[in-house]
Amino acid sequence: MAEAKKKLHLRTFGCQMNVADSELMARILGEEYDLTARAEDADLYLINTCAIRRKSEEKVRSLLGSLKPLKRARPELILGVGGCVAQQEGDRLLAFAPHLNLVFGTKGIYRLPALVDRAARGERVVDVALEKEAPDLPQRLWPPGTFQTMVTIMRGCDNYCSFCVVPYVRGRETSREPGAIVDEVAAFVAAGGLEVTLLGQNVNSYGRGLAKPVTFPQLLRRLDALPGLKRLRFATSHPRGLSPELIKAFGELGSLCEHLHLPVQSGANPV
């Protein structure tokens with residue numbers, strides 16, 4: 001008889017990318033853990049954090065404080081904080097919360113199984129390395145009836161706007177290979193999916209660092225050609241990369257929705 005899986009509880013703060021990252025955490029840990037909505041049933045409790053707004057950071061610290069009774073009642077529970085606040089704060093989070101077992105940054109997601117194992121052995125773990133390489137992951141699956149999904153196409157940003165911490169907590173821009181993105185979207189559509197939102201801190205810069213550079217509009221055209229894909233969206237764009245080629249795509253691609261997520265403060269040269 002197969003051994004029952006342990007239970008993982010996830011709390012997510014912040015943007016669409018954080019939601020996608022939490023899904024990725026569950027996927028990476030899926031061989032050993034099943035998701036549970038009940039925190040009191042969890043063997044592993046992970047908080048995925050956002051550092052863009054001060055209120056998000058305050059919520060995370062408040063949540064950590066509220067979890068002290070749960071940790072006292074279940075000392076074997078592994079409590080971890082990941083994401084942007086973890087990337088920013090590192091060891092300071094361990095000092096703030098003595099009941100915290102694990103702090104992992106935005107790239108530490110890919111090393112989660114090993115980090116959790118270390119925490120389970122009693123080590124208080126901090127991993128905020130911003131390495132670029134991401135390993136191959138298990139094939140992604142969607143629950144029956146899922147009509148919409150988010151697909152990460154790139155991470156990080158090279159713009160260093162004065163008001164924004166993204167380059168410091170997400171690292172420099174790195175793009176996924178277009179073939180891997182097309183395959184993931186095609187698999188989603190084959191499973192009955194209809195709508196895909198492409199995610200990145202700056203999707204307009206997609207493809208620049210690849211061995212064979214690809215523009216973002218070229219990627220959109222490849223995805224639009226997939227039979228069965230009804231709606232295609234993306235977020236977020238930087239004005240610097242809003243090319244005539246991309247604007248033209250809105251008029252020519254049938255699946256591309258008439259919706260543009262553009263942070264206008266990024267368009268002020270002094271800022």
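For this chain, numbers begin at 1 and follow the sequence in order. What you see is a predicted model; the values in this text were computed from it and never measured.
Taking a cutoff of 4.0 Å between a charged side-chain nitrogen and a carboxylate oxygen, Glu123 and Arg121 do not qualify as a salt bridge. Of the charged side-chain nitrogens involved, none lies within less than 4.0 Å of a carboxylate oxygen, so that Lys230 and Glu195 do not count as a salt-bridged pair. Taking the charged nitrogens against the carboxylate oxygens, Lys6 and Glu31 have no contact shorter than 4.0 Å, which rules out a salt bridge. Electrostatic pairing of Asp21 and Lys107 does not count as a salt bridge here, judged by no charged N lying under 4.0 Å from a carboxylate O.
Heavy atoms from other residues, nucleotides or ligands lying under 6.0 Å from CD of Glu76 number more than 12. Within 6.0 Å of the CZ atom in Phe147, the count of heavy atoms belonging to other residues, nucleotides or ligands does not exceed 12. The environment of Lys68 atom NZ is sparse: at most 12 non-hydrogen atoms of other residues, nucleotides or ligands sit within 6.0 angstrom.
A donor-acceptor pair under 3.5 Å links the side-chain atoms of His99 to the main chain of Leu64, judged by distance alone. Checking side-chain atoms of Arg61 against main-chain N and O of Phe96 turns up no donor-acceptor pair under 3.5 Å. Here the side chain of Gln218 pairs a donor or acceptor atom with the backbone of Thr215 at under 3.5 angstrom. A donor-acceptor pair is defined here as one N or O able to donate and one able to accept, closer than 3.5 Å; such a pair exists between the side chain of Ser66 and the backbone of Leu63. Arg172 contributes no side-chain N or O that, together with a main-chain N or O of Tyr168, makes up a donor-acceptor pair within less than 3.5 Å. Without hydrogens or angle criteria, Ser255 side chain to Arg231 main chain gives no donor-acceptor distance under 3.5 Å. The closest donor-acceptor contact from the side chain of Asp34 to the backbone of Lys5 lies at 3.5 Å or more, if one exists at all. Without hydrogens or angle criteria, Thr106 side chain to Val169 main chain gives a donor-acceptor distance under 3.5 Å. Counting only distance, with no hydrogens or angles, the side chain of Asn48 and the backbone of Asn18 share a donor-acceptor pair below 3.5 Å.
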Take Val81 and Thr49 through the test side-chain contact (heavy atoms from CB on, under 4.5 Å) and record every step on the way to the result.
CA-CA 7 Å; Val81 174; Thr49 63; 3.6 Å; yes
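Residues Val151 and Leu194 do not share a hydrophobic cluster, clusters being chains of Ile/Leu/Val/Met/Phe/Trp/Tyr side chains in contact below 4.5 Å. Cluster annotation: Leu29 and Val19 are assigned to distinct hydrophobic clusters (Ile/Leu/Val/Met/Phe/Trp/Tyr, side-chain heavy-atom contacts under 4.5 Å, transitive). Connection of Leu253 to Ile153 is established within a shared hydrophobic cluster, with ILVMFWY side chains joined at heavy-atom distances below 4.5 Å, either directly or through further cluster members. Leu10 is not connected to Met150 by any chain of hydrophobic side-chain contacts under 4.5 Å among Ile, Leu, Val, Met, Phe, Trp and Tyr, and they are in different clusters.
In this structure, the side chains of Asp183 and Ile181 stay at 4.5 Å or more apart for every pair of heavy atoms. Counting only heavy atoms from C-beta outward, the side chains of Asn101 and Arg124 never approach each other to under 4.5 Å. With a 4.5 Å cut-off on side-chain heavy atoms, Val125 and Phe104 do not count as touching. Contact annotation: the side chain of Thr36 never approaches that of Leu8 to less than 4.5 Å [non-hydrogen atoms, C-beta and beyond]. Taking the side chain as every heavy atom from C-beta outward, Asn202 and His238 approach each other to under 4.5 Å. The shortest distance between side-chain heavy atoms of Arg208 and Val214 does not fall below 4.5 Å. Residues Val182 and Leu223 are in side-chain contact: their nearest non-hydrogen atoms beyond the backbone lie under 4.5 Å apart. Side-chain atoms of Tyr206 and Pro178, non-hydrogen and from C-beta on, do get closer than 4.5 Å to each other.
Listed by first then second residue, pairs satisfying side chain to side chain donor-acceptor pair (under 3.5 Å) with a partner in residues 7-17 read Thr12-Ser22, not counting sequence neighbours.
No donor-acceptor contact under 3.5 angstrom links the side chains of Gln201 and Thr236, judged on distance only. A side-chain donor-acceptor contact under 3.5 Å links Arg240 and Asn159.
In this structure Thr152 satisfies the side-chain contact (heavy atoms from CB on, under 4.5 Å) test together with Met17, Ala20, Arg155, Leu199, sequence neighbours excluded. For Phe250, the side-chain contact (heavy atoms from CB on, under 4.5 Å) partners two or more places apart in sequence, or in a different chain, are Phe234, Leu246, Leu256, Leu260.
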